[in-house]
Amino acid sequence: MAKEITSRSENYSQWYNDLVVKADLAENSAVRGCMVIKPYGYAIWEKMQAELDRMFKETGHVNAYFPLFIPKSFFSKEASHVEGFAKECAVVTHYRLKNDPDGKGVIVDPDAKLEEELIVRPTSETIIWHTYKNWIQSWRDLPILINQWANVVRWEMRTRLFLRTAEFLWQEGHTAHATQAEAIEETFKMVNVYANFAEQFMALPVIKGHKSENERFAGALDTLCIEALMQDGKALQAGTSHFLGQNFAKAFDVQFANKEGKLEHVWATSWGVSTRLMGALIMAHSDDNGLVLPPKLAPFQVVIVPIYKSMEQLAEISAKVDAIIPLLKAKGISVKFDDNDAKKPGWKFAEYELKGVPVRLALGPRDIENGTVEVARRDNLSKEVVQLDGIENYVEALLEKIQQTIFNKALAFREEKTTKADTWEEFKDLLTNKGGFISAHWDGTPETEQKIKEETKATIRCIPLDAVEEEGKCIYSGKPSGRRVLFAVAY
RNA sequence: CGGGGUAUAGCACAGUCCGGUAGUGUACCUGGUUUGGGACCAGGGGGUCCCAGGUUCGAAUCCUGGUGCCCCGACCA
C-alpha cells in the first residue's frame, strides 16, 4: 500500500509533516511539543554534527559541556537577556516524588521544595559566563573558544517537528576575547562557517546579514544570521552568530588584566545552529514524491536493489553486488544493499525515493546478462542503464553532480523569488502574490519595521552583508535610506 | 492563553444522531503463487472504544466532570 504524501500545492505544511513522519525522520512524542527523532532522521543530524564539529575544530574551537539546569538568579543578571527568554522557561521547583497517600500513583513531595528554583536552559550564556569568571584573570587566559553540543528547552506555544519544538538539539559556541575587534572577527568567522556548511553540505544557498534591532538576540549588540528561502516562499533563519559586546562580562563581572596590568571586561560572542537545520534541509529540496537529500548528508548515498525470480538469481546478483560494494566504499561512498526478500522491488523503489536516497542501482537478470546496471537519480527521477564495469567512478561523479544540481536548483529558485520593491503597493502585492525575499529600502527604525510586520506579517530577515550603498526612500515611511534590506514572511 | 476539531486494533478511519455484547483498510503472523515501479489468494492473531462518575436490564453510543493530542491566532531558533 502506498504511503500517501500530501502534495505541496495542496497543503504545504501538511506536505512537510507527511515527509517528516513518513520518511521516518521524527514523530510527535507523548510529551507536548517534544519530538522523537528516529534513526533515519538522527543519522542525518549526526552527519551535520560531524561536519560542523570538524569545521569548529578547524577554526580553533574545543568542545565542553555545561549543566542542563541554571539557578534562577543567574537570569536576572542581564536585563535584556532575561526579558527575551522569561516567557518560555521550564522551571524545576522540587526534587522528589512520593507515593500518593490516596494510593493513586505518585505526587510531588511538598517537603522537597528547592530553595532556589532551577531553570532548564533555554540557552547557556548565563551559566557559562558565571563559569568563565573563574577561568579568566589575565590576557594570557584569552581567548576562550568553546562549543557545546546540547539540548535546550524553550516552552513554545505552537510547535512543528524540527522547525520549532519545545526541546531541541543544537550546538552553542561561547567565546571570550580580549578585544572588541577580535570578538567581532569571531562573530563574522562563525557566520561564514555556517554559510559554508549550508551551501556546501546542505546544498542550501543562504544570505548572510545583520539582524535588525527587533530580531536581534536578547543580550546581543549585533546578531549575524544566515537566511534561507523555502519552497513556499517563506524565509527560514538557519543559524545565528552574536556579538555580545561586554554585556555578559559586565553582568557576571568577568574581567582580565591586560598587558598594562589594567582590568578590562572581556568581549564575548555566541553562535548556534539547531535541529531546525533538518527542517531547512527537508523544505529546501524535497518534492511530492518524498525527500531529496544532498549526497553529502544522506545516511546512505546509494541503495542497491536486486531484481530476481529465484534464489539462484539472487545469489548471482549478490555475488556481483558483493564485488562492487568494496569499490564504492573505497571511494568513500556509503551503500546499502537491500536484499530483503520480504519486499518487492517496486516497494523498495518507492520507499527509497520517499527517503531521498540520492542514487539507486537496480540489478536484475538482464543486467547480469549484459554486464550493466540501472542507475536512477533521486533529484530528477531520471534512469539510465550503464556498464557495471567502472560503476564506482560513474557513481562518484554522479553524486557530485547531484550535490551541485540541487544547490543550483535551490539557488535559481531563490533568485527567481527575490524581488525589488520600490513602492508600498508593490511591496504588498509581491508579498501576497509572489512571496519570497523582497529587497526594499527601510528607514532603519524599529517602529517602521513593527508597523510593516503588523500590516503584512513580513519582517526584516536581514540586512545583507553585501548590501550595496544606494540612496533610496523607505518603502513605508518615505524617509531616506542608505541601502536595501531583505523582507520576507518567516518561519 | 483564546477559537475550532478530535480521542475506537501498531497506523488510518467507520460505527455515536436513533443504546443491544465492536467493524473496514493497512500493517502483523502462517502457507502457497509472485518479483524490472508500492503483488495476489487462503487462513490467523490482535481493542481497559482517553479517564472518572452517573442514567439504564444493558453504554463506544446518552448525561456530568476531567485529561491528552491536532489545527488556527498572539509569541519564538
Mate of B:rG23 where both pairing distances stay under 3.5 Å, Watson-Crick or G-U: B:rC13

Of the listed nucleotides B:rC75, B:rA77, B:rG36, the one nearest the side chain of A:R154: B:rA77

Nucleotide nearest A:K309 (side chain, heavy atoms from C-beta), chosen from B:rC75, B:rU35, B:rG38: B:rU35

Opposite nucleotide pairing with B:rU30, Watson-Crick or G-U, both atom distances under 3.5 Å: B:rA42

N or O in side chain of A:N28 less than 4.0 angstrom from B:rC70 OP1/OP2: yes

Closest-nucleotide 5' rank along RNA chain B - winner of A:A238 and A:K457: A:K457

Base-pairing assignment for B:rU35 (Watson-Crick or G-U wobble, both under 3.5 Å): none

Side chain of A:E156 (C-beta onward), nearest among B:rG36, B:rG38, B:rC75: B:rC75

A:I368 vs A:Q313, side-chain contact (heavy atoms from CB on, under 4.5 Å): CA-CA, chis, key distance, verdict: CA-CA 9 Å; A:I368 298 296; A:Q313 272 180 346; over 6 Å; no

Between B:rA59 and B:rA14 - P atom distance, rounded Å: 24 Å

Side chain of A:F168 (C-beta onward), nearest among B:rG37, B:rG36, B:rA77: B:rA77

B:rG37 base / A:K383 side chain donor-acceptor hit below 3.5 Å: yes

Candidate nucleotides B:rG38, B:rG36, B:rG37, ranked by approach to the side chain of A:R360 - the nearest: B:rG37

Residues A:Y352 and A:D338: side-chain donor-acceptor under 3.5 angstrom: yes

Axial cation check for A:F168 ring with A:R276, 6.0 Å and 45° limits: no

Salt-bridge present (A:E351, A:K348; N to O < 4.0 Å): no

Nucleotide forming a Watson-Crick or wobble pair with B:rA52, both distances under 3.5 Å: B:rU64

No-hydrogen, no-angle side-chain donor-acceptor test under 3.5 Å, A:S241 and A:T187: no

Whole-Å C1' distance, B:rC41 and B:rG53: 50 Å

Base partner of B:rC1, which must satisfy Watson-Crick or wobble distances under 3.5 Å: B:rG73

Side-chain N,O (A:K344) to OP1/OP2 (B:rA39) below 4.0 Å: yes

Nearest to side-chain heavy atoms of A:F349, which nucleotide of B:rA77, B:rG37, B:rG36: B:rG37

Length of the CD-P vector between A:E312 and B:rU34, whole Å: 13 Å

